[in-house]
Amino acid sequence: MKIVSIRTHPLAAPIDQPFAFSQAWVDTRVGLVVEIETDAGLTGWGDGYGPPKPIASVIDTLYAPRLIGRSPLAGDAIWEELYNGFRDHGQRGIPIQALSAIDIALWDLRGKFFGAPVHQLMGGPIRTEVKAYATGLYRRSNDRDDNHAMLHDEAEAYLDAGFGAMKTKVGFGFDDDIALVEMLRATIGDRSELFVDANHGCDVVQAKKLARAMEPLNIGWFEEPVEPEDIDGYAEVRAATDIPIAGGECSFTRHDFRRIMDARAMDIIQPDTASCGGLTEAKRISDMAWTHGVRHNPHVWGTGIGLAAAMQLLAVIPTTAPSFGAHHPLLEYDSTPHPFRQGLLVDPIRVEEGIAHVPQGPGLGIDIRRDVLEKWRMD
Ligand code: CA
């Protein structure tokens, strides 16, 4: 089996109701899908999480020319060749997001070639069902009363849908953040876990103050309190609070995560499978986290292909401390508006009563709707 073509699909779609996290208002959802075709009639699909056109450019101009005519089966060797080939200019960011997309598509191909789901080729499954948490509860209005009313209803809707865990956004200023988190805890009571995410919108002083003030509100984790480069700052915040500290969606490859773990900076790492280096690198990071006794809940905010990749990985993330009360990894289930996230999939990955099932078909276990790909293709 040889690779005969690699096509990139940069996608974008406007949304009706913009929403905000600590850094920006979101009015468009984007995605980068890569499609690798072989002479065996098999096609592999990958997702790169990041700016679609620059990722596509790296794939089209740097990676694809090296891969045409090659066997897609030697995944580790291809990963190392692409990483090392551009290491001097691309240890983080867009080149690694492009590598992630290629790597996921190669795993999809290998699974299809061997007739097995990716998680089986990775030695699993450890689990076939994963508890999901709803990622949502973003700011929807700058008017506090309006915002609270909308987010109150959104939290109720997650409870009604059976979610036992959900995540909201902080990093809008101390008073705003505390008022929101108090309102949400009052809304959901003890019926759901609650996580908060600052998207690196605090400095260390702000993060410590906010963490201490949130402690009585039973917060499951405080995500991206400070900037991803400030690993010492993470460790300081972690030492100052009982709330578990999470992060890692803006970190890349096992090299970044080694530094994070050496510094005991996070209780929970959240590499994005479609950004940190693909399934190959995410599994290595997962094994490293296991060795350090650190939890791993993958970040998921891309297309349904990235979601499927995360599900395959979740099937093989080791439990931290096996026991009757063992902690299992959680699925981040993006519940924000997105016109094509799951629309790309012939069979969307569903969460029912807060549980998602790992796709069991060959490769990623998904089929792609080409009409949806064409509809949202960027100019
Ligand atoms: Ca996040």
Side-chain angles (χ1 to χ4, degrees), residues 18-26 29-31 47-51 92-93 96-97 100 130-140 151 154-155 158 163 165-172 176-177 180-181 184 193-203 206-207 210-211 214 219-231 233-234 237-238 243-252 256-257 260 265-276 282 285 289 294-303 306-307 309-310 313-314 317 329-338 341:
F19 55 87
F21 60 113
S22 71
Q23 304 297 323
W25 283 85
V26 177
R29 299 304 297 267
V30 299
D47 177 305
Y49 173 67
R92 294 191 178 84
I96 302 301
Q97 293 165 339
S100 304
V130 182
K131 181 178 169 182
Y133 71 89
T135 280
L137 304 168
Y138 284 62
R139 172 173 289 214
R140 282 152 68 183
L151 270 51
E154 188 182 336
Y158 294 140
F163 281 102
M166 59 187 81
K167 188 167 82 186
T168 191
K169 295 293 177 181
V170 293
F172 294 92
D176 242 85
D177 292 342
L180 173 66
V181 178
L184 288 171
E193 292 185 83
L194 180 62
F195 314 132
V196 303
D197 183 359
N199 294 95
H200 50 77
C202 302
D203 65 15
Q206 290 171 314
L210 181 58
M214 291 190 300
I219 301 304
W221 72 65
F222 185 4
E223 176 171 328
E224 286 206 286
V226 295
E227 289 164 343
E229 301 92 329
D230 188 9
I231 293 173
Y234 262 93
V237 175
R238 180 169 179 253
I243 298 176
I245 298 299
E249 69 185 74
C250 302
S251 299
F252 299 88
D256 273 355
F257 285 92
I260 288 166
M266 297 176 191
D267 298 284
I268 302 151
I269 57 158
Q270 301 168 304
D272 192 304
T273 313
S275 174
C276 73
I285 293 166
V294 172
R295 294 178 179 184
H296 176 184
N297 293 332
H299 175 256
V300 184
W301 219 63
T303 72
L307 172 60
L313 181 70
L314 279 157
I317 292 176
L330 299 180
L331 168 67
E332 174 163 26
Y333 193 74
D334 178 7
S335 302
T336 56
H338 194 315
R341 176 180 44 228

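One-based numbering, in listed order, for ligands and for the atoms of each. We use all heavy atoms of the structure for the numbers below, so side chains are in, but hydrogens, waters and symmetry mates are not. Each residue takes its place number in the sequence, starting with 1. Worth saying up front: this structure is predicted, and the values here are computed from it rather than measured.
- For Ser22 and Asn199, the side-chain atoms include no donor-acceptor pair closer than 3.5 Å.
- Looking at Leu330, Asn297, Thr135, Leu137 one by one, the single match for side-chain contact (heavy atoms from CB on, under 4.5 Å) with Phe195 turns out to be Leu330.
- Ring geometry for Tyr333 against Phe163 counts as tilted: the plane angle lies between 30° and 60°, on a 0 to 90° scale.
- Applying the side-chain hydrogen bond (donor to acceptor under 3.5 Å, both in side chains) test to Asp256 and every residue at least two apart in sequence or in another chain returns Arg92, Arg259.
- Qualifying side-chain hydrogen bond (donor to acceptor under 3.5 Å, both in side chains) partners for Glu223, counting only residues two or more places apart in sequence or in other chains: Lys167, Trp221, Gln270.
- Under the side-chain hydrogen bond (donor to acceptor under 3.5 Å, both in side chains) criterion, His296 pairs with Ser286, sequence neighbours left out.
- With waters neither drawn nor counted, the protein N/O/S atoms under 3.0 Å from the Ca ion (ligand 1) amount to 3.
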